[in-house]
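Predicted model, so just to flag it, every value in this text is computed and none were measured. Computation of the quantities below employed the complete heavy-atom set of this structure, encompassing side-chain atoms and omitting hydrogens, waters and symmetry-equivalent molecules. Here is how names work: the chains are called A, B, and so on, in the same order as the sequence lines, proteins then strands, and each is numbered from 1.
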Amino acid sequence: MNVFRMRLMGAEVNEMTRGGEGLADAVDAALEDFAQNVEDTHYLVGSVVGPDPFPRMVRDFQSVIGREAREQFVDRTGELPDAAVACVGGGSNAIGLFHAFRDDPVDFYGAEGGGEGSDSSRHAAPLASGADDVIHGMKTRVIDEDVEVHSVSAGLDYPGVGPEHAMFRAVGRCEYSGVTDDAALAAFRELSETEGIIPALESSHGLARAIQLAEETDHERILVNLSGRGDKDMETAAEKFDL
Amino acid sequence: MSSGDFDGYGGRHVPEPLEEPLEGLADAYDEIGTSDEFQADLRSLLEEFAGRPTPLYYASNLSERYGAEIYLKREDLLHGGAHKINNALGQALLAKRAGKDRLIAETGAGQHGTATAMVGALLGLETEIYMGKKDVQR
Ligand SMILES: Cc1ncc(COP(=O)(O)O)c(C=O)c1O
């Protein structure tokens, strides 16, 4: 559906058949195109990843999320949330939410694509389980070489992560963990059934983490970034659920 | 501290031919992207094209079930269905002001590609998207 939408709006869509045929390979191809056409072309990087200035520029553009949310939260409750939670692919919706709260006593939680488990050989959780490395022009955390990058959600299916998250992890400002495919799918279904809102599979990772926190910690007010809607995920969901 | 440095993470680890265009982009961002005029134009587009501000929604049923107040920032209600449009609008507006006439982007779930196609059409910029075959199929 998304490919058709893009073409309908006049964009050319190139299917990449190299490498793992995923997001990291699409980044490689775009970087090559950029290098050859720098005069007239802007590479519109989609997350807080890549070489400077992308991580800080994309963060600034996404920070509107947290600025609005902080004001709305205080207006509504008179207080700040105890925790802010978001899924982390490259990390733009998470940084966008967190940034306005960075100097506040608000705990940050990042939910990575845990795939089959962040200690398994198929996941996309370089912060929960990975090492320092260089990828796509940035020094950051990358999944280990013997791990196959995998997440049920295409938007989290990336072997690296934005460098600011690597820093947040190193200094302990945010706690990162992998949410498995199964846990994300369960949260996807639960929000649909309880609230009548179908979340994106990516966002469902953040939701699953928020539900865990509600059950296991004494956080009373939890703010979650519902980064996208689930319409694009209907086929994947239909394969998983027997409805 | 160089501006792309996050306590030793980040930086600009690229082949030499990319150094200069990235420096140019960083300059354009620092000069144009932070100006009042640019910010005002971006704000209008975020409101009128993308649908900001998005609501903060109290998920009462979920909250009752788990015994904590759970609030959702509804970025799913934005044009295109994801937060990606916030960034796509910002960068495309900057690219246009910097005199570029072509946008390229990578996409995984297709959400960022969709956001890029939307702003490309809006601002009259040629747009090309790269997407892995595995992701096209799912
Ligand atoms: C709805 C949604 N959420 C999250 C992501 C992951 O990106 P990021 O971590 O940069 O927010 C994507 C990427 O495609 C997405 O479509």
Under a 4.5 Å cutoff for heavy-atom pairs, which residue among [options] has the most contacts with chain A?
options	result
B:R102, B:H112, B:E69, B:E75	B:R102
B:P55, B:P17, B:A95, B:A26	B:A26
B:L77, B:N86, B:D76, B:T127	B:D76
B:R74, B:Q91, B:E23	B:Q91
B:A98, B:G81, B:A68, B:A82	B:G81
B:P21, B:A59, B:A121	B:A59

Checklist entry - Any idea which heavy atoms bring A:G91 and A:S47 closest together, and the distance? => result N-OG, 3.3 Å

Next on the checklist: Quick check: closest heavy atoms across A:A124 and A:S151, and the distance to 0.1 Å?
Outcome noted: CB-CB, 4.4 Å

With distance as the sole test, does [X] use its side chain to make a donor-acceptor pair with the main-chain N or O of [Y] at under 3.5 Å?
X	Y	result
A:N2	B:G113	no
A:D233	A:L201	yes
B:K100	A:E39	yes
B:K73	B:T54	yes
A:T77	A:E79	yes
B:S44	B:A40	yes
B:N61	A:T194	yes
A:R141	A:P126	yes

Which bit of [X] is near chain B, if near means a heavy-atom gap under 4.5 Å: side chain, backbone, both or neither?
X	result
A:L207	side chain
A:A166	both
A:I135	neither
A:R76	side chain
A:F168	neither
A:E202	side chain
A:A170	side chain
A:R7	neither
A:R5	side chain
A:D25	neither
A:S153	backbone
A:E220	backbone
A:V48	neither
A:D231	neither

Checking heavy atoms, do the side chain of [X], its backbone, both or neither come under 4.5 Å from chain A?
X	result
B:L18	side chain
B:A92	both
B:T107	both
B:L78	backbone
B:R65	side chain
B:L94	side chain

Pairs of heavy atoms under 4.5 Å with chain B: top-ranked of [options]:
options	value
A:T17, A:I197, A:V134, A:V171	A:I197
A:R221, A:H219, A:E195	A:E195
A:I222, A:L23, A:V58	A:I222
A:V3, A:D82, A:D132	A:D132
A:M138, A:Q62, A:M9, A:E15	A:Q62
A:G96, A:P81, A:G89, A:G46	A:G46

Next on the checklist: Could you measure the distance from the CD atom of B:E106 to the CG atom of A:L44? Nearest 0.5 Å is fine.
Outcome noted: 8.5 Å

Next on the checklist: Let me confirm one number: the CZ-CG distance from A:R169 to B:D7, rounded to the nearest 0.5 Å.
Outcome noted: 13.0 Å

Checklist entry - Taking the six-membered ring for Trp, are A:F61 and B:Y29 ring centroids under 6.0 Å apart? => result yes

Checklist entry - Strictly under 6.0 Å, is that where the ring centroids of A:Y158 and A:H136 end up? => result yes

Next on the checklist: Does this structure show an ion pair linking A:E32 with A:R18, if we count only N-O contacts that are shorter than 4.0 Å?
Outcome noted: yes

Checklist entry - Would you call the rings of A:F98 and A:H165 parallel, tilted or perpendicular, where under 30° means parallel and over 60° means perpendicular? => result perpendicular

Next on the checklist: Set out, in order, the CA-CA distance, both residues' side-chain angles and the distance that settles side-chain contact (heavy atoms from CB on, under 4.5 Å) for A:S92 and B:N87, then state yes or no.
Outcome noted: CA-CA 9 Å; A:S92 69; B:N87 168 50; over 6 Å; no

Next on the checklist: For a side-chain contact (heavy atoms from CB on, under 4.5 Å) check, start with the C-alpha distance between A:F188 and A:I198, then their side-chain angles and the critical distance, and finish with the verdict.
Outcome noted: CA-CA 7 Å; A:F188 172 89; A:I198 303 177; 3.9 Å; yes

